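Structure record follows, encoded as structure tokens.
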Amino acid sequence: MAIALRRGATPCSLPLRRLFSSEPIPDRKVAILGAAGGIGQPLSLLIKLIPLVSHLSLYDIAGTPGVAADVSHINSKAEVTGYQSEEQLGQALEGSDLVIIPAGVPRKPGMTRDDLFNINAGIVKSLCTAIAKYCPKALVNIISNPVNSTVPIAAEVFKKAGTYDEKRLFGVTTLDVIRAKTFYAAKAKLPVHEVNVPVVGGHAGITILPLFSQATPGTNSLSDEDVKALTKRTQDGGTEVVEAKAGKGSATLSMAYAGAVFADACLKGLNGVSDIVECSFVQSNVTELPFFASKVRLGKNGVEEVLGLGSLSEFEKQGLESLKGELKASIWKGMKFAHEN
Ligand SMILES: NC(=O)C1=CN([C@@H]2O[C@H](COP(=O)(O)OP(=O)(O)OC[C@H]3O[C@@H](n4cnc5c(N)ncnc54)[C@H](O)[C@@H]3O)[C@@H](O)[C@H]2O)C=CC1
Ligand SMILES: O=C([O-])CC(=O)C(=O)O
């Protein structure tokens, strides 16, 4: 069984590549930390369907056995193992090629992502400490919010442990791209599967900067007001879901899809598939900020190249300047936490 995660990632593309390549497809172990949560469960399902995964390792502090048993009955390639207690975290991680972290509390209406910092910073720190010990070479995809701070926390933890490799650490911002594509396609009346929109900056409010001037296919049908409204809706997409869920959490299903799209891209990069480009929040020289989301070319070692911003509209240039203060503060808050705790 295979899943088409997006255009260009069809289930048949892999066997065809295999047919014409002398290299066998390597075994890949993917670990999900927080696997029994709102995101963790559908993400586990979607990762189980990716034919590149040979071992799916599920870890949570509660509820893992049920999720692992359930997902394991699906007749796709990946072997599934579940781990629950902290003593089993090492086993869950050992040998992992990719670790995805959706562990942590979600927002309720009225909260910002930064309001999650006090709880989620400690969770990400302890999980990254274990990653440094048990699978220091793994690619790490961080979903837990606030991403603008949790990624710098992870970097500092890895630096302290002597295992930091900036090519292997990613904040997952794919959901921003998915929202921008969906909203743009609907407004411009374009087929959504043909649409691409880069989203740069960070992953909270105004730090999320969709670049509709670079959207493909382009369109003349959108006014400046339309672009402003699309930008605002993309920036507030998470809040739109939090409010609709009315106290029952934040985006889980669309996030699981986004997490699976990004994980699939990371695995393809690891396996040497060429020209895999996704937006992600990574260590960066694109601006003066030490971390920044932009297009990233993925390869055998993780980040192969952090791509520049390209040409921006006046509106996007203003957005870029306006986001820097908040993003810088969130990055420093994460770094400070990692140093002091
Ligand atoms: N990057 C992004 O675009 C998005 C990020 N998020 C973030 O993802 C996180 C998770 O959201 P949900 O799945 O909805 O929350 P949830 O509360 O449904 O699930 C979180 C899971 O993490 C587990 N957990 C807590 N501490 C843990 C630890 N130390 N080790 C392992 N597992 C642990 C919990 O037991 C729970 O099963 C939140 O911080 C949320 O803000 C949510 C949507 C989009
Ligand atoms: O808004 C939230 O709290 C969850 C999130 O990051 C998103 O949906 O983009």
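Quantities reported herein were computed from a predicted structural model and do not represent experimental measurements. Both counts, for ligands and for their atoms, begin at 1 and track the order of listing.
- No part of V147 comes within 4.0 Å of ligand 2, judged by heavy-atom distances.
- The shortest N/O to N/O separation between L33 and ligand 1 does not fall below 3.5 Å.
- Using a non-hydrogen distance threshold of 4.0 Å, G249 does not register as a contact of ligand 1.
- By the neighbour-count criterion of 12 heavy atoms within 6.0 Å, atom CD of E94 is densely surrounded, having more than that number from other residues, nucleotides or ligands.
- Only the side chain of L127 comes within 4.0 Å of ligand 1, counting heavy atoms alone; its backbone N, CA, C and O stay farther away.
- The backbone and the side chain of N145 each have at least one atom closer than 4.0 Å to an atom of ligand 1 (non-hydrogen atoms only).
- Among the atoms of I39, some N or O lies under 3.5 angstrom from an N or O of ligand 1.
- The proximity of L116 to ligand 1, defined as any non-hydrogen pair under 4.0 Å, is limited to the side chain.
- Summarising the contacts of atom 2 (C) of ligand 2 with H203, K245, R107, the nearest heavy atom is found in R107.
- Here K295 does not pair with E278 in a salt bridge; the nearest charged N to carboxylate O distance is not below 4.0 Å.
- At least one N/O-N/O distance between G104 and ligand 1 falls below 3.5 Å.
- Only the side chain of H203 comes within contact range of ligand 1, with a heavy atom under 4.0 Å; no backbone atom does.
- Of the candidates R107, Q41, M255, K125, it is M255 that places a heavy atom closest to atom 4 (C) of ligand 1.
- Within the 4.0 Å heavy-atom criterion, both parts of I143, backbone and side chain, lie near ligand 1.
- Counting only N and O atoms by type, the side chains of D236 and T239 include no donor and acceptor under 3.5 Å apart.
- Ring to ring, F117 and F337 are close: their centroids are under 6.0 angstrom apart.
- For the pair N148 and T207, the minimum side-chain heavy-atom distance is below 4.5 Å.
- Atoms of ligand 2 found under 4.0 Å from any heavy atom of A251, numbered from 1 in the order shown, are 8 (O).
- In summary, the side chains of Q283 and Y164 do present a donor paired with an acceptor at a separation below 3.5 Å, with no hydrogens or angles considered.
- The proximity of R113 to ligand 2, defined as any non-hydrogen pair under 4.0 Å, is limited to the side chain.
- With a 4.0 Å cut-off on non-hydrogen atoms, N120 touches ligand 1 through its side chain and not its backbone.
- Centroid-to-centroid, the aromatic rings of F281 and F292 stay 6.0 Å apart or farther.
- With a 4.0 Å cut-off on non-hydrogen atoms, R179 touches ligand 2 through its side chain and not its backbone.
- The ligand atoms of ligand 2 that sit less than 4.0 angstrom from a heavy atom of G238 are 1 (O), 7 (C), 8 (O), 9 (O).
- Between Y59 and ligand 1, no N or O atom pair is found at a separation short of 3.5 Å.
- Between V172 and ligand 1, at least one N/O pair is under 3.5 Å apart.
- Contact annotation for A103 and ligand 1: heavy atoms of both the backbone and the side chain come within less than 4.0 Å of the ligand.
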